[in-house]
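Positions are given from 1, in the same order as the sequence printed here.
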Amino acid sequence: QVQLVESGGGLVQAGGSLRLSCTASGRVFSAYTMAWYRQAPGKQRELVASISVSNTNYVDSVKGRFTISRDNAKNTVYLQMNSLKPEDTGVYYCRILWTDYWGQGTQVTVSS
């Protein structure tokens, strides 16, 4: 059984920054492709960024502003979010890609 625990959400003004963290239990973290999703009010959940052993991918709307990274020694994946916009508001979830393992979500609110 794998558990994912997110932290780092909050309220920030437009143009500000936040860093989300997601820590996983389990012994083979380094082999997982990890992903961050978000769900805005009234919208479907969307994939924001993912990181495999050697590659990162981003949705176009966050390219140049968000950075996904991982620390395998800490079983943790991060999402550094800069130049935040009100449209980045939503609940952010981490996931082990292609599995049913999701975190509980952390709220990010960007005020204008």
Please check if [X] and [Y] belong to a single hydrophobic cluster, counting links between Ile, Leu, Val, Met, Phe, Trp and Tyr side chain heavy atoms closer than 4.5 Å.
| X | Y | value |
| --- | --- | --- |
| Val110 | Val62 | yes |
| Tyr92 | Val59 | yes |
| Val48 | Ile96 | yes |
| Leu4 | Leu79 | yes |
| Val108 | Tyr37 | no |

*For Tyr58, what residues pass the side chain to side chain donor-acceptor pair (under 3.5 Å) criterion, not counting sequence neighbours?*
none

_Non-neighbouring partners of Thr109 that pass side chain to side chain donor-acceptor pair (under 3.5 Å), sequence neighbours left out_ = Gln107

*Just do the ring-ring contact (aromatic ring centres under 6.0 Å, His included) check on Phe66 and Trp36 with the steps written out, would you?*
CA-CA 11 Å; Phe66 290 12; Trp36 285 98; over 10 Å; no

Look only at the side chain of [X] and the backbone of [Y], and say whether a donor-acceptor pair between them is shorter than 3.5 Å.
| X | Y | answer |
| --- | --- | --- |
| Ser25 | Gln3 | yes |
| Thr106 | Ser7 | no |
| Arg95 | Leu47 | no |
| Gln104 | Glu6 | yes |

*Contact list for residues 39-49, test salt bridge (charged side-chain N to carboxylate O under 4.0 Å, His left out), sequence neighbours left out*: Arg38-Glu46

*Sequence neighbours left out, what passes salt bridge (charged side-chain N to carboxylate O under 4.0 Å, His left out) with Asp60? Give chain and number order.*
Lys63

_Summary of disulfide (SG to SG under 2.5 Å) pairs that have at least one residue in residues 37-91, sequence neighbours excluded_ = none

Contact summary for [X] and [Y], nearest pair of heavy atoms:
| X | Y | result |
| --- | --- | --- |
| Ile51 | Ser69 | CD1-CA, 3.8 Å |
| Arg70 | Tyr32 | NH1-O, 2.8 Å |
| Ser50 | Leu97 | CB-CD2, 4.4 Å |

For the [atom1] atom of [X] and the [atom2] atom of [Y], what is their distance to the nearest 0.5 Å?
| X | Y | atom1 | atom2 | answer |
| --- | --- | --- | --- | --- |
| Ser61 | Lys85 | OG | NZ | 8.0 Å |
| Thr33 | Trp98 | OG1 | CH2 | 4.5 Å |
| Thr99 | Met34 | OG1 | CE | 8.0 Å |

Which atom pairs, one a donor and one an acceptor, fall under 3.5 Å between side chains of residues 9-24 and the rest of the protein, sequence neighbours left out?
| residue | atom | partner | partner atom | Å |
| --- | --- | --- | --- | --- |
| Ser17 | OG | Asn82 | OD1 | 2.9 |
| Thr23 | OG1 | Thr76 | OG1 | 3.0 |

